[in-house]
Student: 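This is the structure I have questions about; it appears just below.
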There are 2 protein chains.
Amino acid sequence: MRNTRATLEERGIRLTKQRKILLEIIDQSGAHLDAEKLYQLAKERDPKLNRVTVYRTLKLLKESGLVDELDLMHFAGDQHYYETRMKQEHAHVICLQCGRVEEYFGEPLRALRQQIQESLGFEIVAARTEVGGYCPHCQAMRSEGLVAAVGVETMAIPAVPHAD
Amino acid sequence: MRNTRATLEERGIRLTKQRKILLEIIDQSGAHLDAEKLYQLAKERDPKLNRVTVYRTLKLLKESGLVDELDLMHFAGDQHYYETRMKQEHAHVICLQCGRVEEYFGEPLRALRQQIQESLGFEIVAARTEVGGYCPHCQAMRSEGLVAAVGVETMAIPAVPHAD
DNA sequence: CTGATTGCAAAGAATTTGCACTGCT
DNA sequence: AGCAGTGCAAATTCTTTGCAATCAG
């Protein structure tokens, strides 16, 4: 957040009340927010704040490289999710049953990036790895036959993930 | 394609004229098609074929695990791209300048998948790695100052990639 | 035959744009 | 003050749905 302000300033981007609110929400929220959820949260702080401003701000932050845009394997639809660009690269691993999203940090990610860079000669700017599968908890449920076997993309929007 | 028919048959899915056309186009096209491009190509073969059928068929193929859905870092917008599920896992590496898409196959991808599986205990069903950066050709252009430096996501829809 | 599949038109979801007003810097 | 930024309404883009007609198995 500290560096965020600096980056924005460099770009001559004004720090309005609305942007402050949105930045804080994105920063503080551990979860991966989509535009609508971000809008709902922002409205609590400033009921006048418009959905359009959310979209415009997200676009801005994306372009400035301050947030990353994910789609979590389109698990719950086609909306996009946003998170502040983290110091460390990570993969998102989503449970196709319960919707839980885990983050994976680890050496193999660096190795992969490194290798792609070398073998293709690309100068990599951004990388995204998303993985869909079944978390340990849901694997158990499935093998107990408690859950109907369905096509991977077939299930409806998930209920809230089970507790831990 | 041979196995495609089998898979569809198992599911009791009828092989209509329209579906045959769409399957062939997806199969034969080396490129990554979005729904609209697929529709355009299909219309050449059957002008009556409707856009809706394209969407329905893509959904079906996705659910049957016969095609993968990509978004190529949203480089050219929010549409999705489709490709037949390949035998081998691969990453998509897209040049943010010219739009060229390279595919990377390589051991590190397997290692990553393996590691995620082990450390998170997930049973992985599908994985997707997308990388944005600058291809060797565009790196050269950029360093020659032939191209204005722009924010990563700022550029317009790309022209056709330069020839190899 | 008969239920799955299509086409058409219309609805929906997510996101963007035009424009007059407002408020950072 | 002056222009970037906002809100509102309307437009766009991408995708899905309802329903009667059609066709594969």
Side-chain angles (χ1 to χ4, degrees), chain A residues 4-23 32-40 42-43 45-64 67 69-72 74-82 151 153-154 156-157, chain B residues 4-23 32-40 42-43 45-64 67 69-72 74-82 151 153-154 156-157:
Chain A
T4 301
R5 292 179 108 96
T7 307
L8 293 178
E9 205 165 307
E10 281 169 32
R11 296 196 139 219
I13 289 167
R14 292 186 185 165
L15 211 30
T16 62
K17 179 177 49 138
Q18 292 90 331
R19 287 185 183 156
K20 279 181 201 156
I21 292 175
L22 293 171
L23 280 171
H32 303 100
L33 301 168
D34 60 12
E36 182 62 22
K37 220 166 310 172
L38 177 54
Y39 169 57
Q40 295 302 338
K43 239 185 2 181
R45 293 234 235 144
D46 175 0
K48 309 279 303 185
L49 194 152
N50 195 279
R51 194 182 263 102
V52 176
T53 300
V54 174
Y55 282 110
R56 285 196 275 234
T57 301
L58 284 173
K59 192 175 184 189
L60 194 80
L61 295 174
K62 233 184 349 179
E63 288 171 1
S64 303
V67 302
E69 189 181 43
L70 318 170
D71 26 58
L72 302 179
H74 302 123
F75 175 61
D78 289 343
Q79 66 281 60
H80 299 148
Y81 301 87
Y82 301 88
E153 314 275 353
T154 311
I157 294 185
Chain B
T4 300
R5 292 180 110 94
T7 308
L8 293 179
E9 207 164 304
E10 282 170 29
R11 296 195 139 219
I13 289 167
R14 292 186 184 167
L15 212 28
T16 62
K17 178 175 50 130
Q18 294 89 330
R19 286 183 182 158
K20 279 182 201 156
I21 292 175
L22 293 171
L23 280 172
H32 302 100
L33 301 168
D34 59 14
E36 182 62 23
K37 219 166 309 171
L38 177 54
Y39 170 57
Q40 295 303 336
K43 239 184 2 183
R45 293 234 234 144
D46 175 0
K48 311 277 305 182
L49 194 151
N50 195 280
R51 192 182 263 101
V52 176
T53 300
V54 173
Y55 281 110
R56 284 197 276 232
T57 302
L58 284 174
K59 191 175 183 190
L60 195 79
L61 295 174
K62 229 181 355 174
E63 288 172 1
S64 301
V67 301
E69 190 182 41
L70 318 171
D71 26 59
L72 301 180
H74 301 122
F75 176 59
D78 289 343
Q79 64 283 61
H80 299 149
Y81 301 88
Y82 301 87
E153 314 273 354
T154 312
I157 295 184

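Basis for what follows: all heavy atoms, side chains included, without hydrogens, waters or symmetry-related copies. All figures in this text were calculated on a predicted structure; none of them were measured in a lab. Just so we're on the same page: letters track the sequence lines, and every chain starts at 1.
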Student: Take atom CZ of R5(A) and atom C1' of dT25(C), then tell me their distance rounded to the nearest Å.
Tutor: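 Rounded to the whole Å, the gap is 14 Å.
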Student: Do L60(B) and R11(B) come within less than 4.5 Å of each other through their side chains, counting heavy atoms only?
Tutor: no
Student: Can you tabulate the close N/O pairs, meaning under 3.5 Å, that link protein atoms to atoms of nucleotides 20-25 of chain D?
Tutor:
| unit_1 | atom_1 | unit_2 | atom_2 | d |
| --- | --- | --- | --- | --- |
| dA24(D) | N3 | R14(B) | NH1 | 3.3 |
| dG25(D) | OP1 | L15(B) | N | 3.4 |

Student: Is the number of heavy atoms from other residues, nucleotides or ligands under 6.0 Å of E36(A) CD greater than 12?
Tutor: yes
Student: Figure out the CG/C1' separation between L58(B) and dT16(D), and round it to whole Å.
Tutor: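 Result: 13 Å.
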Student: Please give, in whole Å, the distance from dA4(D) P to E9(A) CD?
Tutor: 16 Å
Student: Does any part of the side chain of T53(B), heavy atoms only, come nearer than 4.5 Å to the side chain of T16(B), both counted from C-beta?
Tutor: no
Student: Do D78(B) and D78(A) come within less than 4.5 Å of each other through their side chains, counting heavy atoms only?
Tutor: no
Student: With a 6.0 Å cut-off (strictly less than), is the heavy-atom count around CD of E9(B), excluding the residue itself, greater than 12?
Tutor: no
Student: Looking only at heavy atoms, what is the nearest atom pair of Y39(A) and L49(A), with distance?
Tutor: CE1-O, 3.3 Å
Student: Could you go over nucleotides 9-19 of chain C and give all protein N or O partners under 3.5 Å, atom names and distances?
Tutor:
| unit_1 | atom_1 | unit_2 | atom_2 | d |
| --- | --- | --- | --- | --- |
| dT15(C) | OP2 | Y55(A) | OH | 2.9 |

Student: Considering non-hydrogen atoms only, spot the tightest contact between A35(A) and Y82(A) and give its length.
Tutor: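 The answer is N-CE1, 4.3 Å.
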Student: Using the side-chain hydrogen bond (donor to acceptor under 3.5 Å, both in side chains) rule, pick out the option among H32(A), E69(A), K62(A) that qualifies with H80(A).
Tutor: E69(A)
Student: Within this structure, what is the NZ-to-P distance between K37(B) and dC14(D), rounded to whole angstrom?
Tutor: 11 Å
Student: Would you mind reading off the distance between I21(B) atom CD1 and dT6(C) atom P, rounded to a whole angstrom?
Tutor: 11 Å
Student: Dot-bracket, DNA chain D: Watson-Crick or G-U, under 3.5 angstrom, [ ] crossing, | other strand?
Tutor: |||||||||||||||||||||||||
Student: Within the 4.5 Å heavy-atom criterion, are K59(A) and R56(A) side-chain neighbours or not?
Tutor: no
Student: Would you call L8(A) and R19(A) a side-chain contact if the rule is heavy atoms closer than 4.5 Å?
Tutor: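 Counting from C-beta outward, L8(A) and R19(A) never come under 4.5 Å.
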Student: Take atom CG of D46(A) and atom C1' of dT6(D), then tell me their distance rounded to the nearest Å.
Tutor: 11 Å
Student: Would you please confirm or rule out a distance under 4.0 Å between OP1 or OP2 of dC24(C) and any side-chain N or O of R19(A)?
Tutor: no
Student: Please identify which of these residues, D46(A), L38(A), L58(A), meets the side-chain contact (heavy atoms from CB on, under 4.5 Å) condition with L22(A).
Tutor: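 The side-chain contact (heavy atoms from CB on, under 4.5 Å) with L22(A) is passed solely by L38(A) among D46(A), L38(A), L58(A).
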Student: Atom NZ of K48(B) and atom P of dT6(C): how far apart are they, to the nearest Å?
Tutor: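 Taking atom P of dT6(C) as the reference, NZ of K48(B) is at 15 Å.
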Student: Please state how far atom NZ in K43(B) lies from atom C1' in dG7(C), giving the value in whole angstrom units.
Tutor: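 Distance check: K43(B) NZ to dG7(C) C1' gives 14 Å.
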